[in-house]
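All values below come from the heavy atoms of this structure, side chains included, with hydrogens, waters and symmetry mates left out. Proteins get letters first, then strands, A, B, ... in listed order; numbering begins at 1 in each.
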There are 2 protein chains.
Amino acid sequence: MKKIEENKNLIDELPCGVKTTMSVIGGKWKIRIIYALYLNINRFGVMHRHINNISKKMLTDSLRELEADGIIHRKVYAEVPPRVEYSLTELGKSLNKIINELNDWGLKNRHELIDQDNIKE
Amino acid sequence: MKKIEENKNLIDELPCGVKTTMSVIGGKWKIRIIYALYLNINRFGVMHRHINNISKKMLTDSLRELEADGIIHRKVYAEVPPRVEYSLTELGKSLNKIINELNDWGLKNRHELIDQDNIKE
DNA sequence: AGAAATAGTAACTTTTTAGTGACTAGATTA
DNA sequence: TAATCTAGTCACTAAAAAGTTACTATTTCT
């Protein structure tokens, strides 16, 4: 049994990696976007059509943040009408394991969750 | 290479487990609380003192939600002043792996993140 | 000539999440 | 008698995240 006092601030220290990760994959759409890229859905318009209910603004905002975090790469082709292709970087691909585990835990324990109302659409 | 059309709605289907998990561990304080319980910090007041900057309201709200989701257990002792002890359920303990992975990814890739400003306090 | 297509942006509103400060009960201690 | 302790609640405000609508440029197609 650990002495509690020794853990002072540890609560703030350990999950600091969690905070970093959450700031990268958190938000309503980022994981969906990453998953779309994993499925080779890599153009803005196609993503917009495939990810249900996402607005262009949220798609743009999320793509920009993922790019700023080095999770995705954005390649612009000088054509008209414009063509832009997104892809996962190696760092982005490294999120795959985590995303799968989040998904697995959720699927496995879905029925255990007492208050189903807590799960938002 | 997968045919994109086959993946229609898959983007909404696969991460549905993710959504469940996120609704359980998401939010600003839940992982800190789970980690506190993991460290045997199990009383309201002690948690409040150990988790930096959390307000009583957020602590109460988060504890109630974790309880409703079956992640923690709340035991009230009929004493004065009141005593309440929280603990992780088996379901709660099963989150440990995921939390560690989130933490590890964050610690490992912290330096890779191009836009450090994206990481919020 | 007019419509379509792509990949967005700008300004604004709404919704959701988090934070603040005062307050409570009932026994115990100074 | 008054302060202290615990585990909260209540009403309210502030901040963050998400959503809405209208709009853009340039070339090709009809």
Side-chain angles (χ1 to χ4, degrees), chain A residues 4 12 15 18-19 22-33 36-37 41-69 72-87 115 117-121, chain B residues 4 12 15 18-19 22-33 36-37 41-69 72-87 115 117-121:
Chain A
I4 288 173
D12 299 308
V18 174
K19 197 161 60 181
M22 286 304 217
S23 81
V24 172
I25 62 170
K28 191 167 175 180
W29 303 105
K30 290 196 182 162
I31 288 181
R32 318 270 280 271
I33 292 169
L37 291 172
I41 295 171
N42 53 7
R43 291 190 59 183
F44 185 89
V46 186
M47 295 177 100
H48 185 236
R49 266 174 262 123
H50 278 78
I51 301 176
N52 231 330
N53 297 320
I54 195 170
S55 66
K56 285 180 169 189
K57 176 182 179 278
M58 288 313 294
L59 182 53
T60 308
D61 290 359
S62 304
L63 287 168
R64 293 286 178 279
E65 285 180 29
L66 289 168
E67 193 190 1
D69 283 333
I72 65 175
H73 179 245
R74 179 172 180 269
K75 181 164 190 188
V76 183
Y77 294 83
E79 300 175 2
V80 169
R83 181 155 68 103
V84 178
E85 281 182 6
Y86 293 92
S87 56
D115 181 2
D117 299 339
N118 274 3
I119 299 145
K120 294 148 212 154
E121 272 313 304
Chain B
I4 287 174
D12 299 309
V18 173
K19 197 161 59 180
M22 286 306 216
S23 80
V24 172
I25 63 169
K28 192 167 176 181
W29 302 105
K30 288 196 182 162
I31 288 181
R32 317 271 278 274
I33 291 169
L37 290 172
I41 295 172
N42 53 5
R43 292 190 57 183
F44 185 90
V46 184
M47 295 176 100
H48 186 237
R49 265 173 263 123
H50 278 79
I51 302 175
N52 231 330
N53 296 322
I54 196 172
S55 66
K56 285 180 170 189
K57 175 179 179 286
M58 289 313 295
L59 183 52
T60 308
D61 291 359
S62 305
L63 286 169
R64 293 286 179 279
E65 286 180 29
L66 289 169
E67 194 191 358
D69 283 332
I72 64 175
H73 179 249
R74 179 172 180 268
K75 183 166 189 188
V76 183
Y77 294 84
E79 299 176 3
V80 168
R83 181 155 69 102
V84 177
E85 282 184 7
Y86 293 92
S87 56
D115 182 0
D117 298 338
N118 273 4
I119 300 146
K120 295 148 211 154
E121 272 314 302

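Atom NE2 of A:H48 is separated from atom P of C:dT9 by 13 Å (rounded to the nearest Å). For the pair A:N52 CG and D:dG19 C1', the interatomic distance rounds to 15 Å; values are reported in whole Å. Rounded to whole angstrom, the span from the CD1 atom of B:I54 across to the P atom of C:dT17 amounts to 16 Å. Atom OH of A:Y77 and atom C1' of C:dA5 are 18 Å apart (whole Å). Straight-line distance from the NZ atom of B:K30 to the P atom of C:dT16: 15 Å, rounded to whole Å. Remark: P of C:dT16 and CE of B:M22 are 18 Å apart, rounded to the nearest angstrom.
Side-chain contact between B:M58 and B:K28 is absent, with no heavy atoms from C-beta onward closer than 4.5 Å. The closest side-chain heavy-atom distance from A:M22 to B:M22 is below 4.5 Å. In this structure, the side chains of B:R32 and B:M47 stay at 4.5 Å or more apart for every pair of heavy atoms. Annotation: side chain of A:L63 is not in contact with side chain of A:W29 (no heavy-atom distance under 4.5 Å).
At the phosphate of C:dT17, neither OP1 nor OP2 sits under 4.0 Å from any side-chain N or O atom of B:W29.
The side-chain contact (heavy atoms from CB on, under 4.5 Å) search around B:S87 returns B:H73, not counting sequence neighbours. Shown here are the salt bridge (Lys or Arg N to Asp or Glu O under 4.0 Å) partners of B:K57, two or more places apart in sequence or in another chain: B:D61. Looking at residues two or more places apart in sequence or on another chain, you find a salt bridge (Lys or Arg N to Asp or Glu O under 4.0 Å) between A:R83 and A:E79, A:E85.
Five base pairs at each end of the helix from C:dA1-D:dT30 to C:dA30-D:dT1 define two local axes, and these are offset by 20° (rounded to 10°).
To the nearest 0.5 Å, atoms CG (B:L37) and CG (B:L66) are separated by 8.0 Å.
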- request: Could you encode protein contacts along nucleotides 1-10 of chain D as a string, one character per nucleotide from 5' to 3', using B for base contact, S for sugar-phosphate-only contact and - for no contact, with a heavy-atom cut-off of under 4.0 Å?
  value: ----BBBBB-
